[in-house]
Colleague: 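Got a structure for you, questions after.
Just so we're on the same page: letters track the sequence lines, and every chain starts at 1. These numbers come from the heavy atoms of this one structure, side chains and all, not from hydrogens, waters or symmetry mates.
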Amino acid sequence: GEDVEQSLFLSVREGDSSVINCTYTDSSSTYLYWYKQEPGAGLQLLTYIFSNMDMKQDQRLTVLLNKKDKHLSLRIADTQTGDSAIYFCAESIDSSASKIIFGSGTRLSIRP
Amino acid sequence: DTGVSQNPRHKITKRGQNVTFRCDPISEHNRLYWYRQTLGQGPEFLTYFQNEAQLEKSRLLSDRFSAERPKGSFSTLEIQRTEQGDSAMYLCASSFGTGPEAFFGQGTRLTVV
């Protein structure tokens with residue numbers, strides 16, 4: 001079945017890099033996503049990667065995909081206090097966004 | 001604001017009452033999705049529409065839940081005879097065509113007392 005798992009918490013020092021990891025079970029995943037949710041707010045699409053790609057970079061964000069191990073990571077360079085949020089890893093098993101399966105989220109906290 | 005709009009933002013209701021939420025998608029987005037998010041969890045898929053057609057419903061969507069998108073624009077989600085277990089954040093999202101990007105609204109937080 002479809003399942004997405006990620007660690008619950010991550011604490012990093014301001015200015016360091018944050019790496020949030022995720023594993024998924026469905027080998028037919030087409031797109032993999034990272035969403036950000038700030039307290040009391042909806043989800044913000046940060047980035048997504050097509051399953052035939054290994055890496056995608058967008059400014060401070062780098063996504064790495066290891067399809068063999070079904071492992072996805074999000075690296076945030078130069079982490080700032082505004083990056084404090086819950087980060088959700090998600091997968092879509094068809095070629096559109098018709099049904100996205102989310103993990104439980106990783107809460108990123110930034111310490112000075 | 002041209003993002004996905006949801007109303008109301010918060011709703012407190014007594015157990016057994018009916019509630020209705022509204023979602024206005026991004027203009028020209030033909031697909032619209034409803035998700036439910038409980039505390040400490042990621043969103044769970046409920047249903048989605050392509051234009052006015054409801055194409056898929058999750059088994060989470062019990063008989064007390066109904067969603068409509070009558071003209072292929074805004075959508076409503078109604079919960080009848082609310083139960084305490086219905087307390088959650090209800091999120092709406094929209095996308096264009098068969099593209100992979102789904103954009104979420106701010107959600108409606110339902111509290112059943």
Colleague: At a 4.5 Å cut-off on heavy atoms, which part of A/Tyr33 comes close to chain B: side chain, backbone, both, or neither?
Modeller: side chain

Colleague: Do A/Phe50 and A/Thr30 have side chains that get closer than 4.5 Å, going by heavy atoms?
Modeller: yes

Colleague: Determine whether a donor-acceptor pair (N or O, by modelled atom type, separation under 3.5 Å) exists between the side chain of B/Thr82 and the backbone of B/Lys14.
Modeller: yes

Colleague: Please state whether the side chain, the backbone, both or neither of A/Ile86 comes within less than 4.5 Å of a heavy atom of chain B.
Modeller: neither

Colleague: Could you check A/Leu46, A/Leu108, A/Leu45 and say which one makes a side-chain contact (heavy atoms from CB on, under 4.5 Å) with A/Lys36?
Modeller: A/Leu46

Colleague: If the threshold is 4.0 Å, N to carboxylate O, is there a salt bridge linking B/Arg64 and B/Glu78?
Modeller: no

Colleague: Using non-hydrogen atoms and a 4.5 Å limit, figure out which bit of A/Gln6 sits close to chain B: side chain, backbone, both or neither.
Modeller: neither

Colleague: Any heavy-atom pair between the side chains of A/Glu91 and A/Tyr31 that's under 4.5 Å?
Modeller: no

Colleague: Just checking heavy atoms, which of residues 100-113 of chain B are less than 4.5 Å from chain A?
Modeller: B/Pro100, B/Glu101, B/Ala102, B/Phe103, B/Phe104, B/Gly105, B/Gln106

Colleague: Quick check for you: to the nearest 0.5 Å, what is the distance between A/Ile100 atom CD1 and A/Leu32 atom CG?
Modeller: 10.5 Å

Colleague: Any heavy-atom pair between the side chains of A/Gln37 and A/Phe88 that's under 4.5 Å?
Modeller: yes

Colleague: From A/Glu38 CD over to A/Ser84 OG, what is the distance, rounded to the nearest 0.5 angstrom?
Modeller: 8.5 Å

Colleague: Taking A/Gly42, A/Ala90, A/Ala41 one by one, which has the highest count of heavy-atom pairs under 4.5 Å against chain B?
Modeller: A/Gly42

Colleague: Using modelled atom types and a 3.5 Å cut-off, is there a donor and acceptor pairing between side-chain atoms of B/Asn7 and backbone atoms of B/Arg22?
Modeller: no

Colleague: Going by residue number, which parts of residues 60-81 of chain A are within reach of chain B, meaning a heavy-atom gap below 4.5 Å?
Modeller: none

Colleague: Heavy-atom distances under 4.5 Å only: say whether A/Ser98 touches chain B with side chain, backbone, both or neither.
Modeller: both

Colleague: Taking only heavy atoms into account, what residues of residues 14-24 of chain A are found under 4.5 Å from chain B?
Modeller: none

Colleague: Please report the C-alpha distance between B/Arg15 and B/Glu83 in whole Å, then the side-chain angles of each, then the deciding distance to 0.1 Å, and finally whether the salt bridge (Lys or Arg N to Asp or Glu O under 4.0 Å) criterion is met.
Modeller: CA-CA 5 Å; B/Arg15 190 174 50 181; B/Glu83 301 172 357; over 6 Å; no

Colleague: Hydrophobic clustering (ILVMFWY, side-chain heavy atoms < 4.5 Å, transitive) - are B/Leu77 and B/Phe74 grouped together?
Modeller: no

Colleague: Same cluster or not: are B/Leu60 and B/Phe21 linked, directly or through other Ile, Leu, Val, Met, Phe, Trp or Tyr residues, by side-chain heavy atoms under 4.5 angstrom apart?
Modeller: yes

Colleague: Go through the steps for A/Ser11 and A/Ser109 under the test side-chain contact (heavy atoms from CB on, under 4.5 Å), then give the verdict.
Modeller: CA-CA 5 Å; A/Ser11 176; A/Ser109 66; 3.6 Å; yes

Colleague: For B/Lys11, does the NZ atom sit with more than 12 other heavy atoms under 6.0 Å from it, leaving out its own atoms?
Modeller: no

Colleague: Quick one, B/Asp86 and B/Phe65 - any side-chain contact, counting heavy atoms below 4.5 Å?
Modeller: yes

Colleague: In residues 23-52 of chain B, which residues are in contact with chain A at a heavy-atom separation under 4.5 Å?
Modeller: B/Arg31, B/Tyr33, B/Tyr35, B/Gln37, B/Gly40, B/Gln41, B/Gly42, B/Pro43, B/Phe45, B/Tyr48

Colleague: Which bit of A/Leu43 is near chain B, if near means a heavy-atom gap under 4.5 Å: side chain, backbone, both or neither?
Modeller: both

Colleague: For A/Gln57, does the CD atom sit with more than 12 other heavy atoms under 6.0 Å from it, leaving out its own atoms?
Modeller: yes

Colleague: Is A/Met53 linked to A/Trp34 within one hydrophobic cluster, defined over Ile, Leu, Val, Met, Phe, Trp and Tyr using a side-chain heavy-atom separation of less than 4.5 Å?
Modeller: yes

Colleague: Assess whether atom CG of A/Asn52 is packed by more than 12 heavy atoms of other residues, nucleotides or ligands within 6.0 Å.
Modeller: yes

Colleague: Under 6.0 Å between ring centres, would you say that holds for A/Tyr35 and A/Tyr87?
Modeller: no

